[in-house]
Structure formats: structure tokens, C-alpha cells
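A quick write-up on the structure given underneath.
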Amino acid sequence: MKKADVFEFYRRLAEANPHPETELESGNAYQLLVAVVLSAQATDAGVNTATRALFDRVKTPEQMVALGLDALKQHIRTIGLFNTKAKNVIALSEALVADHGSAVPDDRAALERLPGVGRKTANVVLNVAFGAETFAVDTHIFRVGNRTGLARGKTPLAVENALDKATPQPFRVHAHHWLILHGRYVCKARKPECWRCIVADLCAFKPKTPAPRTPPPATP
DNA sequence: ATCCCGAGGG
DNA sequence: CCCTCTGGAT
């Protein structure tokens, strides 16, 4: 995508949603970290349903360790991959207490050393909790980047690097959320809703199926 | 490359 | 039924 089109692409998304935020619910950086770990291959809505009760009781890594593995599994049973995730969250909480004074570290290397935390999760925490200009490439951003031509790559890391190169100020801090929300609600995996997409004219993807005769009323 | 693994949508 | 959802570890 041309530079001018990239700027216009972000400008429109920014205009439509001036203050994008995570849809994951959390009350502090620790809870955010846990929520992001739980969100792997799961919907935000599903994670929120589970963490609502959990975070009411657990606000610190010490409290998570005290809660214990089996009780944690009960809380997150409705989320996919719950067995592995529960184990990682307990181990990660123990590591925070032992090595980081119970605080969430603000550097990538320390974050990625935590069990269950890879590059994508670290990028989300760095962006949301610390305001870093990181591009966490999840399934949505990978799809939107490649489909639109904004930032293409065969791997998530390649798309991340392409986004880093292509994304100008003042859009860098919020680019992650604009792209993910665009992917979740408009540029969907199965049925992208191009007829109501505000950047369709800048996009490389041209749908074969036209807009429905009776489109659903626009969401407020 | 494969495993982990549940809910919701089409 | 099959696909998708803010992946990570082996």
C-alpha cells in the first residue's frame, strides 16, 4: 500500500474510533497480563466472563498462588486450553513474586521469560500497560495486514516488522487496537463486511459477493 | 509440525 | 458439522 494510502487508512480508523481500548477487562497490570495469557485462541468475551469472578478474588500474584492450581482451573474451565493456561498462570505468578517483587516487568526479555508469555503477549502488555509502540500480531492483525495490503508477511513476526516500518506517527501507539477492532467487527475472517468498510477503497481485497439486499442496521 | 481445548457462529 | 477466536511450548 502506498504511503499516502496508509496514512489515510489509519486516519479514517482513528476518526471513527478516537480512543480505542482493549476489550479485555482488568483492574491492574497483573490482571491484564493474566487476561492476555488466557486470551490465546479464545474470545475476549469468553475470557471476561471467566475473569470477572476470578479477578474479584485475585488481584495480585500472591493471591493467585494462594488460590492454587485446581481452583484456578475451575474459574477458567470455560476457556479453551484451560489446563495449560492454568499451569502457566500459577507458574508465572510464582515467578513474579520470586524475581520481580510481584510487579509486571516493563521489558520484553523479562516478559518473554515468564511461562506462557511469548512475543505476541509481551507486545500486548508493553502496549496496553506501558504505552509502548508495539504491534502485537494476532490472528486478526495477521489477516487484516495481509488482506488489505497494509503490511504483508508469511509469519506474524514478518507482519509485525512490516507494520513497524509502514505505520507513521501519530498512529503508532493505537495502531494495534484499530487493526484488531477492524478485524473483529468488519474485516472478519469468514465474511468480511466490505460493503460497510470505511477503508474499502484503499484495500487490495475485492469481494466477489456483493452487499446483502437487506443489510443489518448500522451499529451505533 | 503438532499439541493443548472450550464456546459461539454459520 | 466446520471454522474461528488478541498463542505458546515442545
Side-chain angles (χ1 to χ4, degrees), chain A residues 13 17 20-26 29 31-54 69-70 72-93 95 104 108-130 132-148 150-151 153-160 163 167 173-193 207 209 212 214-216 219:
Chain A
L13 294 183
N17 191 357
E21 289 177 5
T22 322
E23 296 190 336
L24 283 175
E25 296 169 6
S26 66
Q31 290 183 339
L32 171 72
L33 172 61
V34 172
V36 178
V37 169
L38 295 180
S39 72
Q41 298 298 110
T43 61
D44 279 8
V47 172
N48 290 337
T49 300
T51 56
R52 208 111 53 184
L54 175 65
L69 182 61
D70 290 334
L72 176 56
K73 282 186 185 178
Q74 299 305 318
H75 276 282
I76 66 171
R77 174 168 296 157
T78 56
I79 304 175
L81 318 183
F82 72 90
N83 226 331
T84 306
K85 287 173 181 174
K87 207 178 93 185
N88 283 336
V89 167
I90 295 295
L92 158 173
S93 301
V104 177
R108 174 188 305 288
L111 284 169
E112 290 190 15
R113 228 173 280 130
L114 297 169
V117 179
R119 186 177 184 88
K120 182 263 167 183
T121 299
N123 277 334
V124 175
V125 172
L126 290 170
N127 178 262
V128 176
F130 301 109
E133 294 175 5
T134 54
F135 305 89
V137 179
D138 60 6
T139 178
H140 293 298
I141 297 186
F142 186 80
R143 179 181 67 252
V144 172
N146 278 302
R147 185 184 275 165
T148 60
L150 174 70
K154 303 170 215 84
T155 66
L157 182 58
V159 172
E160 180 183 331
L163 277 173
T167 307
V173 184
H174 295 301
H176 162 242
H177 284 124
W178 284 315
L179 293 173
I180 203 166
L181 293 173
H182 186 61
R184 180 177 298 163
Y185 296 114
V186 182
C187 195
K188 300 177 182 180
R190 293 206 194 168
K191 270 176 50 184
E193 301 180 359
T209 53
T214 327
T219 52

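Sequence lines set the chain letters: A, B, ... in the order given, protein chains first and strands last, and positions in each chain run from 1.
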Just wondering, do [Y] and [X] contact through their side chains at under 4.5 Å, heavy atoms?
X	Y	answer
Ile76(A)	Leu38(A)	yes
Asn127(A)	Asn123(A)	no
Pro20(A)	Leu181(A)	yes

Among pairs that include at least one residue of residues 31-44 of chain A, which meet side chain to side chain donor-acceptor pair (under 3.5 Å), considering only residues two or more places apart or in two chains?
Asp44(A)-Arg184(A)
Hey, which sits more toward the 5' end of DNA chain C by its nearest nucleotide, Glu112(A) or Ala45(A)?
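Taking each residue's closest nucleotide, the earlier one in sequence belongs to Ala45(A).
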By side chain to side chain donor-acceptor pair (under 3.5 Å), Lys188(A) pairs with (sequence neighbours left out) Glu193(A)
Applying side chain to side chain donor-acceptor pair (under 3.5 Å), can you list everything that pairs with Glu133(A), at least two apart in sequence or on another chain?
Gln169(A), Arg172(A)
Using a heavy-atom cut-off of 4.0 Å across all strands, would you classify [X] as base, sugar-phosphate, or nothing?
X	value
Gly46(A)	nothing
Val117(A)	sugar-phosphate
Thr22(A)	base

Not counting sequence neighbours, which residues clear ring-ring contact (aromatic ring centres under 6.0 Å, His included) with His174(A)? List them please.
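If we apply the ring-ring contact (aromatic ring centres under 6.0 Å, His included) test to His174(A), skipping adjacent residues, the hits are Trp178(A).
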Same-atom distance (P) from dA7(B) to dG8(C), integer angstrom:
22 Å
If you measure from the P atom in dG10(B) to the same atom in dT6(C), how many Å do you get, rounded?
15 Å
What is the per-nucleotide protein-contact pattern of nucleotides 5-10 of chain B, from the 5' end, where B denotes a base atom under 4.0 Å from a protein heavy atom, S denotes such proximity for sugar-phosphate atoms only, and - denotes neither?
BBS-B-
Salt-bridge criterion met for Arg119(A) and Glu160(A) (N-O under 4.0 Å)
yes
Which nucleotide of DNA chain C is the first, and which the last, in the 5' to 3' direction, to come under 4.0 Å of a heavy atom belonging to chain A?
dC2(C) to dA9(C)
